[in-house]
Structures are given as C-alpha cells and as structure tokens.
Amino acid sequence: MFEAETINTADKAEFYRQLAQQLQGLFDGETDMIANAANMSAFIYQMLPDLNWAGVYFLKGEQLVLGPFQGKPACVRIPVGRGVCGAAIERRSSVLVEDVHAFPGHIACDAASRSELVVPIFRKGEAIGVIDLDSPLPARFDRADQAGIEQLAEIFGASFQ
Ligand code: SME
C-alpha cells in the first residue's frame with residue numbers, strides 16, 4: 001500500500017490505476033446507482049489518507065442533492081454555481097481548491113476542511129453529479145489526485161443504467 005504523503009506523481013498515477021481496478025471489481029456488474037455510489041464513497045474514504053469527507057452529490061434540476069457519503073452530516077442541497085461543488089457542475093470540469101478559505105462562496109459543511117477536490121460525474125456525456133473530497137490538510141490534493149479521481153468518476157458513471 002502506498003503512503004500518499006511520500007509518493008511522487010508517477011507513483012500516484014500507479015496508485016490510482018490500482019484503485020480504478022479495485023473499484024471496477026467492487027462494482028462487479030452491479031448497476032444500481034445508489035449502491036455503487038455508497039460503495040465508492042466508502043472505498044475512497046478508506047483508501048485515501050487525510051480525508052474528512054468523501055461522497056457524491058447528484059444533479060436534480062438546478063440543484064445538487066446529497067447522495068451517499070462518509071464523514072460528518074453535510075448540506076443537503078447546493079444550487080448550481082454555488083460553492084466548490086456548484087462551480088464544478090456549472091463548469092463541467094474538476095475544481096481543485098488548495099485553501100477553501102480563499103475560495104469565494106465555499107460552503108463549509110465541516111469546519112475542519114482546509115482543501116477540497118470536486119470532480120464531475122458524466123453519464124453518456126451528460127454531467128449528472130459530482131464526487132466531493134474534503135481534507136483537513138491544506139493543499140492535500142494535486143493534479144495527479146484530480147486525474148485519479150476523474151478515472152474513478154468515469155468508472156462510476158459507466159457502472160449504472
Ligand atoms: N464544501 C462544499 C460543500 C459540500 S461539503 O464540503 C461536503 C462546497 O463548497 O461546495
């Protein structure tokens with residue numbers, strides 16, 4: 001098992017390749033969206049060090065609505081365009097925030113959060129939600145984490161009907 005704080009970018013890419021394989025195995029032909037979101041949240045929370053929240057929000061109309069997650073209870077509805085999650089779904093692209101206090105409109109669900117990574121989930125080309133990761137460490141996530149979580153989001157988006 002890799003230690004995230006000591007690994008370089010190449011090792012991180014390999015770490016995420018292994019996570020992607022394991023996530024695929026975890027879904028194992030299961031096509032239920034909520035079941036797979038629940039297992040993915042638990043898997044990410046268990047495998048990545050230094051997280052205080054890991055979960056999914058689903059796009060419903062003009063709002064993101066809380067889905068399965070690990071961590072403290074969180075805000076249930078986030079309007080598109082608000083907070084880090086709302087920015088990611090509006091832009092249809094990942095948002096990496098090294099310091100949440102410096103992000104205008106950041107929604108603090110857990111006061112311990114210092115950095116955040118939000119990755120959109122696409123299904124058949126359509127953005128249907130986001131994966132949200134929070135860390136109590138500043139600048140916990142880098143571009144290699146972003147690329148790795150985008151891989152997991154792709155596997156998740158292809159897993160359900
Ligand atoms: N911080 C997020 C809200 C969700 S919680 O972190 C779980 C945001 O600004 O969108």
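Start at 1 and go down the list; that is how both ligands and their atoms are numbered.
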**Message:** Would you call the rings of F156 and F58 parallel, tilted or perpendicular, taking 30° and 60° as the class edges?
**Reply:** tilted

Would you give me the side-chain donor-acceptor pairs under 3.5 Å for residues 113-123, sequence neighbours excluded?
from, atom 1, to, atom 2, distance (Å)
S113, OG, N52, ND2, 3.2
S113, OG, D110, O, 3.3
S113, OG, D134, OD2, 3.0
R114, NH1, H101, NE2, 3.2
R114, NH1, A111, O, 3.3
S115, OG, L137, O, 2.5
S115, OG, R140, N, 3.1
E116, OE1, H106, NE2, 3.2

**Message:** With salt bridge (charged side-chain N to carboxylate O under 4.0 Å, His left out) as the rule and sequence neighbours excluded, what pairs involving residues 78-104 come up?
**Reply:** none

**Message:** Walk me through whether Q22 and Q18 qualify under side-chain hydrogen bond (donor to acceptor under 3.5 Å, both in side chains).
**Reply:** CA-CA 6 Å; Q22 290 172 44; Q18 290 181 18; 4.7 Å; no

Between ligand 1 and the protein, find all N/O pairs closer than 3.5 Å and give the distance for each.
from, atom 1, to, atom 2, distance (Å)
ligand 1, 1 (N), H106, NE2, 3.4
ligand 1, 1 (N), I107, O, 2.7
ligand 1, 1 (N), E116, OE1, 3.0
ligand 1, 1 (N), E116, OE2, 3.1
ligand 1, 6 (O), D132, OD2, 3.4
ligand 1, 6 (O), D134, OD2, 2.8
ligand 1, 9 (O), V84, N, 3.0
ligand 1, 9 (O), I107, N, 2.9
ligand 1, 10 (O), V84, N, 3.0
ligand 1, 10 (O), C85, N, 2.8

**Request:** For residues 22-37, pull every pair meeting salt bridge (charged side-chain N to carboxylate O under 4.0 Å, His left out), keeping only residues two or more places apart or in separate chains.
**Result:** none

**Request:** Identify whether V76 and M33 are in the same connected component of the hydrophobic contact network (ILVMFWY, side-chain heavy atoms under 4.5 Å).
**Result:** no

